[in-house]
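Numbers restart at 1 for each chain; the letters A, B, ... are given by sequence-line order, proteins then strands.
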There are 2 protein chains.
Amino acid sequence: MMAVINEQLTKENLSTEEKLKEAARIVFTKKGYAATKTRDIADEAGLNLALFHYYFRSKEKLFEIIMMEKVQQLFSFIAPALNNPDNTLEEKIDWITANYIDMLLKNPDLPIFVLSEIRNNPERFGKTVQLNTYVLKSHFVKQLAERKKDINPIQLFLSFLGMMVFPFISKPIFETTGAVNEAAFKQLMDERKLLIPKWIKMMLE
Amino acid sequence: MMAVINEQLTKENLSTEEKLKEAARIVFTKKGYAATKTRDIADEAGLNLALFHYYFRSKEKLFEIIMMEKVQQLFSFIAPALNNPDNTLEEKIDWITANYIDMLLKNPDLPIFVLSEIRNNPERFGKTVQLNTYVLKSHFVKQLAERKKDINPIQLFLSFLGMMVFPFISKPIFETTGAVNEAAFKQLMDERKLLIPKWIKMMLE
DNA sequence: GTCTATATTTCGATAGAC
DNA sequence: GTCTATCGAAATATAGAC
């Protein structure tokens with residue numbers, strides 16, 4: 001019953017296809033498309049190279065699957081929150097900050113992976129992200145216009161997202177210089193869950 | 001005389017070595033190390049592959065030269081400004097914002113290039129960036145401590161840098177979605193030169 | 001479906017003529 | 001110094017036995 005269902009979700013009992021996908025998620029997000037070798041993925045999955053091609057035909061094909069997932073993970077989570085009609089501007093800010101930082105703590109490589117792959121191959125992402133519809137015409141933006149007319153929502157978003165995302169993009173620097181270790185970083189990010197909303201609200205005064 | 005000197009600086013009259021370096025700057029920063037082929041660089045320079053190896057021996061060697069330049073360009077510019085003993089906290093914030101954004105407008109690919117290469121190969125950058133000495137013990141941090149005791153300078157830096165750098169990291173998304181074109185982006189960044197200092201000063205109240 | 005062996009292509013690097 | 005032609009390794013992809 002429940003036990004059986006859970007058991008199917010453990011690593012060992014994944015299907016071969018899922019083992020390869022999971023390995024691809026790890027290796028692609030850590031090294032990027034170009035630096036990833038198909039052998040790395042097969043090795044990470046504990047399988048051989050032929051199975052990789054049996055299930056996914058090519059490196060490119062599997063990458064597209066993973067990339068779509070990751071873009072979704074990074075962006076789509078914010079759109080519903082921006083369009084929740086049942087809470088205030090302040091509540092939206094609080095909720096998004098706390099939950100987005102938590103998500104990033106679980107997926108620290110996600111932003112730099114997605115953003116650098118988009119840079120490397122912009123053509124591929126024509127319609128993947130629909131910025132206009134869900135962000136620039138969101139309920140959040142309407143509430144913002146009522147509150148404070150003289151602020152460009154794009155400027156606010158750039159700062160809001162920048163404050164949340166930048167620490168994760170620059171994390172490798174802190175780690176290599178030894179300035180901030182793993183535990184200290186987690187601590188800083190937990191503090192930011194309160195700091196960022198406080199700062200954003202100041203900008204709305 | 002002057003005309004002759006200027007002429008030596010035009011593309012056509014560069015030495016073969018400089019042509020290759022310049023081509024490498026363009027291709028490496030645009031595609032990253034792994035996705036760059038030595039042939040791409042030779043093509044970009046309008047030369048053949050053998051010359052590449054004649055001057056630089058290997059892809060790795062030339063990359064290290066370019067990477068060192070780019071890390072320098074991205075970071076070292078801020079350290080002196082943070083340590084200027086002759087101006088106030090506010091003046092430092094104003095100056096850094098205006099000049100850093102201008103530099104980024106001229107080198108929009110710089111941050112994502114450097115940050116993603118550091119992620120891909122953290123070992124290489126053990127001592128390249130000296131965060132502790134020049135940033136965390138800077139004159140800026142001393143002035144900050146006098147002004148506002150209850151703020152962690154790291155938190156402020158993360159927000160300050162994030163607000164400046166993030167727009168450039170996420171620029172490819174705006175471009176591919178068509179939400180913000182080249183001219184509009186420039187306009188937004190010019191506005192940010194005033195917005196960011198205003199916001200940072202609010203955080204110090 | 002899975003594996004070993006191998007084909008095919010790409011890419012970094014070199015040899016050798018001019 | 002510069003170029004054409006190639007080598008040799010590495011990486012993607014496939015063939016074919018089990």
Side-chain angles (χ1 to χ4, degrees), chain A residues 7-68 113 116-117 120-121 123-124, chain B residues 7-68 70 113 116-117 119-121 123-124:
Chain A
E7 209 169 355
Q8 289 185 338
L9 296 174
T10 62
K11 257 192 177 177
E12 294 72 21
N13 293 335
L14 287 176
S15 69
T16 301
E17 185 170 348
E18 263 310 320
K19 271 185 199 161
L20 284 165
K21 262 194 179 177
E22 185 53 29
R25 284 186 196 101
I26 293 168
V27 183
F28 275 137
T29 51
K30 196 160 125 196
K31 315 214 295 183
Y33 177 79
T36 295
K37 310 304 163 198
T38 52
R39 279 178 174 79
D40 300 341
I41 296 174
D43 289 351
E44 176 73 33
L47 299 165
N48 63 66
L49 199 48
L51 285 169
F52 179 98
H53 289 96
Y54 175 79
Y55 282 101
F56 302 104
R57 286 256 315 280
S58 74
K59 178 184 172 184
E60 176 80 19
K61 284 265 193 299
L62 179 51
F63 177 74
E64 271 168 18
I65 293 169
I66 304 299
M67 185 67 190
M68 197 122 72
F113 168 70
S116 67
E117 292 303 334
N120 288 348
N121 211 330
E123 311 82 50
R124 254 208 289 256
Chain B
E7 211 169 356
Q8 289 186 336
L9 295 175
T10 62
K11 256 192 178 178
E12 294 71 22
N13 293 333
L14 288 175
S15 70
T16 300
E17 186 171 348
E18 264 309 319
K19 274 186 198 159
L20 284 165
K21 263 195 182 177
E22 186 52 29
R25 283 185 196 102
I26 293 168
V27 182
F28 275 138
T29 50
K30 198 160 120 195
K31 315 214 294 182
Y33 177 79
T36 295
K37 311 302 163 199
T38 53
R39 284 173 172 81
D40 301 340
I41 295 174
D43 290 351
E44 175 73 33
L47 299 165
N48 63 66
L49 196 50
L51 284 169
F52 179 97
H53 288 97
Y54 175 79
Y55 282 101
F56 301 104
R57 285 260 315 282
S58 73
K59 177 183 172 184
E60 176 81 18
K61 283 264 194 300
L62 179 51
F63 178 75
E64 270 169 18
I65 294 170
I66 304 299
M67 185 68 191
M68 198 122 72
K70 295 295 172 184
F113 168 70
S116 66
E117 291 304 332
R119 178 206 55 162
N120 288 346
N121 213 330
E123 311 80 51
R124 255 208 288 256

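When atom types are taken as modelled, the side chain of A:K31 and the backbone of A:K37 share no donor-acceptor pair closer than 3.5 angstrom. Formation of a donor-acceptor pair under 3.5 Å by the B:D40 side chain with backbone atoms of B:D43 is not found in this model.
Going from atom NE2 of A:H53 over to atom P of D:dA11 covers 13 Å, rounded to whole Å. Between the P atom of C:dG12 and the CD atom of B:E60 lies a distance of 12 Å, rounded to the nearest Å. When rounded to the nearest whole Å, the span between NZ of B:K37 and C1' of C:dA13 equals 15 Å. Straight-line distance from the NZ atom of B:K19 to the P atom of D:dG1: 13 Å, rounded to whole Å. Between A:F56 atom CZ and D:dT12 atom P the separation is 15 Å, expressed in whole Å. Here the C1' atom of nucleotide C:dG1 and the CD atom of A:E18 are 17 Å apart, to the nearest Å. Distance CG (A:D43) to P (D:dT12): 11 Å, rounded to an integer number of Å. D:dA11 atom P lies 9 Å from atom NZ of A:K31, rounded to whole Å.
The side chain of B:T38 contributes an N or O atom lying less than 4.0 Å from OP1 or OP2 of C:dG12.
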Q: For A:F52 and A:L62, run side-chain contact (heavy atoms from CB on, under 4.5 Å): C-alpha distance rounded to whole Å, both residues' side-chain angles, the deciding distance at 0.1 Å, then the answer.
A: CA-CA 9 Å; A:F52 179 98; A:L62 179 51; 3.6 Å; yes
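Ion pair A:R25/A:E22 flagged as a salt bridge, since at least one NZ, NE, NH1 or NH2 atom sits closer than 4.0 Å to an Asp/Glu carboxylate oxygen.
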Between the protein and nucleotides 2-5 of chain C, list the N/O to N/O atom pairs that are separated by less than 3.5 angstrom.
{"from": "C:dT2", "atom 1": "OP1", "to": "A:T16", "atom 2": "OG1", "distance (Å)": "2.7"}
{"from": "C:dT2", "atom 1": "OP2", "to": "A:T16", "atom 2": "OG1", "distance (Å)": "3.3"}
{"from": "C:dT2", "atom 1": "OP2", "to": "A:Y55", "atom 2": "OH", "distance (Å)": "2.7"}
{"from": "C:dC3", "atom 1": "OP2", "to": "A:N48", "atom 2": "ND2", "distance (Å)": "2.7"}
{"from": "C:dC3", "atom 1": "O5'", "to": "A:N48", "atom 2": "ND2", "distance (Å)": "2.9"}

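Atom-to-atom distance recorded for A:L49:CG and A:T38:OG1 is 4.5 Å, nearest 0.5 angstrom.
The aromatic rings of A:F28 and A:Y33 lie parallel to each other, their planes meeting at an angle below 30°, with 60° marking the opposite boundary.
Among the heavy atoms of the strands lying under 4.0 Å from A:T36 are primed sugar atoms or P, OP1, OP2 only; no base atom is included.
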